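The shown structure was predicted, so the numbers you read here are calculated from the model rather than taken from an experiment. Note: hydrogens, waters and symmetry copies are ignored here, and every other heavy atom, side chains too, is used.
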Amino acid sequence: MKCTRKCTGLLMAAALVAQVVMPGAQVEAKKASKPVLSKKTVKVKEKTKKKVTVKNAKGYKLTVKSKNKKIATVSKQGKTAFVVKGVKAGKTKVVCTAKKKKKKVTLTCTVKVDKRRGNVIQPTVSPIATNNNAGVTATPEPAATPELTATPEPTIGPFPETDTFSDVPYGFADVSENVEKGKMEEFTYVSKTTNKTHKVLVQLPANYSQEKQYPVLYLFHGESDTESIWNGMEADQIIDNAVTFKAAEDMIVVMPNISSDKDEDVMKDFADVLKPEVEAKYSVAKERHNTAVAGYGLGGRIALNIGLSLPEQVAYMGAFAPVEGLLPYDGGNGYFNNTSFRIDEKYKDVTFLMIQKGTSDDVAGEAPDSYHKTLTDNGSECLYLEMKGAHDHELFKAGLYNFARRIFKRGTQDESIVNGFVTKVPSSATKPTSHKGKIEKIEYDTETYDPGNSQKIQKWANVYLPYDYDPEKKYNILYLMHGGGENADTWIKGDNIYGDYTHNRDMLDRLFEDGYCESCIIVNPTFYRPEGAPEPSNAMDLTMLFQYELRNDLIPAVEAKYSTYAGGDVSIESLKASRMHRGFAGLSMGSNTTYHSAFFGNYDLFAWFAPYSGYFGTENGNDADADRFNKIIEEGEANGMPLGFIYCGNGSEDFALSGQLDLMQKALVRSNILVPGRNFDFVIIPGGIHDMNQWHIHLYNTLKIFFTKE
C-alpha cells in the first residue's frame, strides 16, 4: 500500500505540472469533473434492464425521468446510477438531472427497445367475482387480456448490480410459525494436508429431496470461533426465513470447522476434500454458478482467497468485515500483490463479489476498504456495503442476509432484490417549494349501502392537484384513506387536532417538483358518514361497506371532473381498462379499507395497494383470508388484470403489526405470483409506532413504486 500511495502522489504531481505547462488543461479538467453518462445510447429488449452509470456524480443529487414510460421506465440505483427497463418496442429518451447546490447538469440518453422473442401465451379468460354482499354492482367483466411472453431460459446470474442494502429485517432472525425449518446434519472429514479431523455442519433446505439439485453456500467462521457459532448467530433462521419469504433461493449451507488452520490449508481442503465430500453426500448442483463462499473476519478473508484463487469453481464471494492479510500490509507479505488481487478476466462478467465493512469495526479496520479499492483499481466489480456497526454478530448477520438474497439468482432481471425503500425520509424531501399543489373539495351523492336498509347521503373528499396539473394531460390517481377518529383533512391538509406535523403536503410538492416520481392526483375521502346518518353496529363495518361507495359514487365523481387515464369516461369498462393508473392506500382503519374495499371489493379497478399498520381480519381467520387474497391475484392474472404492487407498511413497535405480518407471510409463502421486490414488499420501520411519523415514511416509499408499470 505504501508503494501505491507513493505512485499516486507522483502521478498527482505530474498532473499539476501538466496543467501549468499545457494550454487549456485547466479547462479540460473542469469539463472532466462534470457528471457524464457511461452510455449515450441504451439498447434493451422488452422486459429486460440495463444499468447506466453517471460518472463524476459524487456529491450530486440525481433525478431521472423517461420521456415515454410506455416504451421504457427508469429508476435510480444508488447515488450514481440508474436502471432503464424496456416496456415495449420503440424509441424514447431518458433525462437525468444532476444537482449540487447551485450547479445543475442535464444529461440525456437515447433508449432503443427491441421486441423480445418468445412464444406468446394466451391465458384462459374467465370472469372474476367481487365481494358484493349488498348486491349493488354486477360481477365485473375481465379487462383486455395482454400478450404474455414465455418464461426465458435461465441464465448464469444475473449478478446483482444494486448497491442498496439493509439490516436484517424485523423477525428475520426469529422463529416463525409460517416457516418450515430445514434439517441440520453433521459429518467429518480428514485433511489431506494436516491430517486433522474437521467437523462440518450442514443445513438442508426444508423439503430437501434427492430428486432436486441444490446450490451450495460454504460459510467460514472467524478466528477463535468454531462452526457452531453460525447457529449462535441465528444464521440457520436467517437463511430459512429468507428462503421461505422468497428473499433467497433454496440452498444447502455448509459450515466447516477451520479453527487454527492456515488459509492455504483451508483452500486446499476446500478443493480436494470438503467440496467433493459435500457433492458425494448430497444432491448438489456442481457448476461454479451454483457455488458460493462467504465468511466473517478471518473467514471473510479465506472466502475471498478461495474465490479469487479458484475462479473456475466459485461464482459468488461474500466477505463480512474481512481482516487484513490478503495484500501486503505493515511490511508483511500478502497472498496477493496489488496487481494480482482481482477477478480472473475469463470470469469477470459472471462473478459476484461482496465486501461488507462496519463503520465502528476496529478489528477489520481498513482492510475491507483496502480490498475494495484494490479490486476496483484492477477493474473488478465489487459490491461494497458500508454499514453501521462493530466487529460483532449483528454486523455479520446483516452481511449474511444481504449476501444470501443476492446469490444464485437465475433467469431474468425481474428477480428484484430491493426497491431501495427508506426507513427515514431525507430532510430534503420535505423542504418547502414555491411550486405548491392545490387542494380542492369535491361533493358527491352516495348511499350508506347498509344491507336491506341503504339510505341516500351526501359526502365530500379532498382532491390534491399537483402544481403542474394540466387538464389536457392524463394523471395517475391515488386514493389515500385516513384512520380511526380522523377525517379527509388528516393526510395532506392537516386536521384540527394535529395539523400536518410531518409535512406530507410539503413532501408531495417537493417530490413532484424534483421528479422523484411522476406527478399524480391524490384523493382523500372518508369512510365515516355525515352527522345524522345511520351508523352500523360495528364501526369496522364502514371499512368494508365503503367498497360500494368507492365503486359506484366516489370514483365516478372524481374521475369525471379531473383528468385521469379514464379520460372522463367513468363507465365500469373504462375504469377497468385504466386500473394500472389507479392506486389505494390507507393507515390503520384505512389499512383495513385498503384490504377490504379496494383489494377484495374492487381489484378490477385498482392495481396498486398500500395498507399501512394493520389488518383487522374476518372471523374466518388469517389462513382463510390469505387464501382469499391469493385467489384474487390469481384470478386477476388469468383475466389480464395483474397486480401492480402491494406495499405493506408497519412499525416494529406498532400494536397492529402482528396480525398484518402473519396474514402477508401466509399469503407470500402460499403464492406462486407474489415476489418480493417485483410486486410485493413488507416494510417495517425500526421503532415505528402507530402514528403519522411512520406513515409519512410509507407514503414516501409508496410514491416511489406506484404507477411504474403499464
Side-chain angles (χ1 to χ4, degrees), residues 165-176 179 181-182 184 186 199-203 217-245 247-248 251-261 263 266 292-304 306 316-325 354-369 371-372 383-407 418 423 652-653 684 686-687:
F165 58 89
S166 72
D167 293 326
V168 180
Y170 175 90
F172 259 65
D174 301 331
V175 175
S176 169
V179 176
K181 285 192 64 63
M184 193 73 72
E186 296 181 6
K199 183 179 174 182
V200 182
L201 286 179
V202 179
Q203 180 182 350
L217 166 60
Y218 294 86
L219 286 180
F220 299 96
H221 59 77
E223 194 171 8
S224 303
D225 289 324
T226 68
E227 77 291 342
S228 63
I229 194 65
W230 289 108
N231 287 343
M233 294 194 316
E234 293 89 26
D236 57 335
Q237 200 61 55
I238 291 171
I239 296 291
D240 281 336
N241 287 345
V243 170
T244 301
F245 300 135
M251 67 183 82
I252 295 172
V253 183
V254 177
M255 298 158 276
N257 185 334
I258 58 169
S259 299
S260 304
D261 285 3
D263 290 32
V266 178
V293 293
Y296 67 86
L298 173 67
R301 183 181 80 192
I302 287 174
L304 285 176
I306 290 174
Y316 300 88
M317 290 167 272
F320 320 142
V323 295
E324 61 186 2
M354 179 189 119
I355 295 176
Q356 177 202 33
K357 176 187 178 180
T359 53
S360 304
D361 187 345
D362 56 3
V363 176
E366 296 304 313
D369 185 61
Y371 293 152
H372 169 239
L383 177 61
Y384 188 58
L385 305 185
E386 187 168 328
M387 309 177 73
K388 290 182 179 179
H391 200 81
D392 59 18
H393 289 183
E394 293 306 310
L395 182 70
F396 309 148
K397 285 157 66 173
L400 175 61
Y401 166 75
N402 281 282
F403 184 66
R405 64 185 178 143
R406 286 171 164 85
I407 60 178
V418 67
T423 56
S652 64
E653 306 303 316
I684 300 175

Mutual orientation of the aromatic rings belonging to H391 and F396 [parallel < 30°, tilted 30-60°, perpendicular > 60°]: perpendicular
Would you compute the distance between atom [atom1] of [X] and atom [atom2] of [Y] and round it to the nearest 0.5 angstrom?
{"X": "L383", "Y": "H372", "atom1": "CG", "atom2": "NE2", "result": "8.5 Å"}
{"X": "F403", "Y": "L217", "atom1": "CZ", "atom2": "CG", "result": "6.0 Å"}
{"X": "F172", "Y": "T244", "atom1": "CZ", "atom2": "OG1", "result": "9.0 Å"}
{"X": "Y296", "Y": "D361", "atom1": "OH", "atom2": "CG", "result": "12.5 Å"}
{"X": "I684", "Y": "T423", "atom1": "CD1", "atom2": "OG1", "result": "11.5 Å"}
{"X": "D240", "Y": "K181", "atom1": "CG", "atom2": "NZ", "result": "4.5 Å"}

[X] vs [Y] side-chain heavy atoms within contact, under 4.5 Å:
{"X": "L400", "Y": "L219", "result": "yes"}
{"X": "P169", "Y": "F245", "result": "no"}
{"X": "E227", "Y": "V200", "result": "no"}
{"X": "D369", "Y": "Y384", "result": "yes"}
{"X": "L201", "Y": "W230", "result": "no"}
{"X": "M251", "Y": "I407", "result": "yes"}
{"X": "S228", "Y": "H221", "result": "no"}
{"X": "Y170", "Y": "P686", "result": "no"}

Donor-acceptor contact present, side-chain S259 to main-chain D225, <3.5 Å: yes
Please give me the minimum heavy-atom distance between [X] and [Y], naming the atom from each residue.
{"X": "G399", "Y": "F320", "result": "O-CE2, 3.4 Å"}
{"X": "M184", "Y": "D236", "result": "CE-CB, 3.8 Å"}
{"X": "P322", "Y": "G300", "result": "CB-C, 3.8 Å"}
{"X": "P368", "Y": "Q356", "result": "CB-O, 3.9 Å"}
{"X": "R405", "Y": "N402", "result": "NH2-OD1, 2.8 Å"}
{"X": "A367", "Y": "E324", "result": "CB-N, 3.5 Å"}

N231 and Q203: side chain donor to acceptor below 3.5 Å: no
CA sep, side-chain torsions, deciding dist, call: H393, I229, side-chain contact (heavy atoms from CB on, under 4.5 Å): CA-CA 9 Å; H393 289 183; I229 194 65; 3.6 Å; yes
Electrostatic pair R301-D263, nearest N-O below 4.0 angstrom: yes
